[in-house]
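I have placed the structure first, in the form of structure tokens, so that the comments after it can refer back to it.
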There are 2 protein chains.
Amino acid sequence: MDRNKKIWMTLAGIFLVLLIIIVVQVFVRKPYTTIKIANISEGEYDPAVWGQYYPLEYKSYLRNKEMAASPTGYGGSEKIQKSIKEPEILINFKGMPFSIDYSEDRGHVYALEDLKTTKRINQTTAGACMTCKTAQLTDIFKEKGWDYAKIPLMELLPQLKHPIVCANCHDPKTMNLRVINPAFIEAMAERGIDVKKASREEMRSYVCGQCHVEYYFVPASKKVVLPWGKGLHPEKIYEYYSAKPNDFAMDWKHPDSEANMLKAQHPEFEVWSGGVHAKSGVSCADCHMPYMKVDGQKYTSHWVTSPMKHGKEACRTCHNQSDQWLLDQVKVTQTSVWEMQRIAGQTVAKAHEIIGKATKAARTNKAELDKARELVRKAQWYWDFVAAENSMGFHNPTMVLNTLGRSIDLAHQAITTIEKASGGR
Amino acid sequence: MDRNKKIWMTLAGIFLVLLIIIVVQVFVRKPYTTIKIANISEGEYDPAVWGQYYPLEYKSYLRNKEMAASPTGYGGSEKIQKSIKEPEILINFKGMPFSIDYSEDRGHVYALEDLKTTKRINQTTAGACMTCKTAQLTDIFKEKGWDYAKIPLMELLPQLKHPIVCANCHDPKTMNLRVINPAFIEAMAERGIDVKKASREEMRSYVCGQCHVEYYFVPASKKVVLPWGKGLHPEKIYEYYSAKPNDFAMDWKHPDSEANMLKAQHPEFEVWSGGVHAKSGVSCADCHMPYMKVDGQKYTSHWVTSPMKHGKEACRTCHNQSDQWLLDQVKVTQTSVWEMQRIAGQTVAKAHEIIGKATKAARTNKAELDKARELVRKAQWYWDFVAAENSMGFHNPTMVLNTLGRSIDLAHQAITTIEKASGGR
């Protein structure tokens, strides 16, 4: 074989190998390498249908069915009554549904089931309650506008089949992220933010934030409103509520202290937004829905869970410590918050009891009683804002600890006010 | 010129350039590129003498003379009475020297001058007070052992010429880091740590920690002891003090509440040791004495100051945000701590006043009074542990905020105890 022939044979060999590689990539290995736009129709809420086109995302989504304790020992997705560990809940929410049933939240797939079975609802419960429990909100809001909020929940429930699914956060035609909760869209617009113009990075927090927020129902219309008119800090939201917006004066009157109380919901978005992760441009999805890899294929985990369960993908893309080191650090922070949360909650409970006794004794003057009631209302707001938030303070430890410190101070002030006014009896 | 000649001429030219570079490096540019071992004798405390051999370090050391506000607005090196911003100091330290004179600390170079001029000392002040104010401690301890601690400070002062200088942290013969405070060496030994065997990395914190710690004087001997027998956490140190170690029961009796009080010193080492920086292997020197560069020469800054003054070298070797971003983050943390520090300090002050009134009124029973006194003692300890620490909580924000939350709770408990016992009068 002459020299030229050898060169040509070698080149041919190289091209043959390249050809085989290309054929294998295109025809044999199936995974998609860019986001496929599947032909899914608007109004398709069954995640199994979406899952045919997005098998990795769907497979991870199904893991939301898993129920387990959190690796840090705080939170978790088991349906356990919070009052077992924090009996002060029973006193602080006396006279309202959260004293009857207040369990740890399970995954998104259980949203409808848990709404239907909770002891917190009855025949008078407003349809507004289903706002964040189903993607079918899209159709219902399109048809009825905010009128749906006033329809009794029991009337709406039979038509609700799908809980929080793909369509809550994705446009089926473009696969772009979207938000469907009109209350969030309106609240953001009032802050001057058009969510339709948001970047993909921003949307990776907005899709979560559309529901993981504090809200209230307008008494007359049951319209859902996020109380952000003065800011997202617990102090600013309290100020907002103090002005009795839309005639909303309270969630309920406490039967012992007779204070007009507020119930905080789950202000994850508000707490996160002031924290170091938000300030570093880290979105909710970055930690709770990290990019994973299987067989070399990247996909977004749709198992929305504790980042501690996949530290490598969730934390260690930025933090170079070990999983154990990171877990220990989170535990230290959460334990620090937990200790203060307990002191705050228990002091608030004590304040309700003492104000209640003074109210019954009818010896304390009304001005002093009202002063104490305002103090316990605010103290409980600060405690509840942290206790209802699902991160045991991790989303913003310094703000949360500061808030609990204020709660402790205010609850004691309520107690001292009564002790002084009633002469310590 | 033939080809060979050209090659040789070119090579000769290259060697000539290299030779010039070497000559310049060795004879003209003076900086050392490795640590020089200079011939400095043990007992040489004048930093100017050391500075002849270490000009860059010395030049930076002289900047400790600068007095300025901190970039964060908290701390700083101006001699300003803390009670201007925190008048509660005057109540909480009533009856003891810190109510007379309690100013922000100035730099190391002023240590002796400020000791000599403070209004906190008098004829009875023990020599133990100079332990951390001068490198001459080495000679004095060698000569007298712990006996120096009992000699009146006024007797010792005339022979003290040099404040905190090179010799406090460096062995003049080897330039190795060393610690000279016998109280620190003993306390570490009791924790099972032989500082003589410490790594250089560890020593980069120990040299600071030898003085930036909590301590007390044994009443009989005035020996300096670090109260670490049960741990470094404020709760553990309080437990240690509660056992009245070495007959040490209190720093002073508060004239109003008549509680047996403790004065916290400057527990920077304790607070830092539980924080995220310590856990990440970041030493005191890494942030407060970062590696700098001048004319391509690396040296350790001996201007011991706020890391915020040289964010690039102190923070941005690990953190990739901008100086402004980092400063904002520190400010948010410190403001959060400051707010709680004020609430805690003021509530403690109120407790002293109320217990004081009840004490004078002599109507409250002794058991209740003593219970309230124990509560205010502990509340003030937690407040003071944070307030006396020089980082406005930055060295460990979660622990510090937790500690202030406890302080607020305990101070209020003291108040409630008295209000209840004295019938609110």
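Only a predicted model underlies this, so the values are computations on that prediction, with no experimental measurement involved. Chain A is the first sequence line, chain B the second, and so forth, proteins listed ahead of strands; every chain is numbered from 1.
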A:Lys236, NZ: over 12 other non-hydrogen atoms inside 6.0 angstrom: no
Pairwise distance OG1(B:Thr398) to CD(A:Gln334) - rounded to 0.5 angstrom: 11.0 Å
Do other residues, nucleotides or ligands put more than 12 heavy atoms under 6.0 Å from A:Lys357 NZ? no
Measuring from A:Glu339:CD to B:Asp409:CG, what's the distance to the nearest 0.5 Å? 12.0 Å
Nearest 0.5 Å, please: how far is OG in A:Ser280 from NE2 in B:His319? 10.0 Å
From A:His412 NE2 over to B:Leu410 CG, what is the distance, rounded to the nearest 0.5 angstrom? 8.0 Å
Region of A:Ile343 in contact with chain B, defined by heavy-atom distances below 4.5 Å: side chain
Correct closest heavy-atom pair for A:Met340 and B:Asn402 would be CE-O, 3.4 Å
Please classify the contact between A:Thr347 and chain B as side chain, backbone, both or neither, with a heavy-atom cut-off of under 4.5 Å. side chain
Out of curiosity, A:Gln413 CD to B:Thr416 OG1, how far, rounded to the nearest 0.5 Å? 11.0 Å
For A:Lys82, does the NZ atom have more than 12 heavy-atom neighbours from other residues, nucleotides or ligands under 6.0 Å away? yes
Out of A:Leu404, A:Val276, A:Thr335, which one racks up the most heavy-atom pairs below 4.5 Å with chain B? A:Val276
Find the distance between CG (A:Leu401) and OG1 (B:Thr333) and round it off to the nearest 0.5 Å. 11.0 Å
Minimum side-chain heavy-atom gap B:Lys279-A:Val332 below 4.5 Å: yes
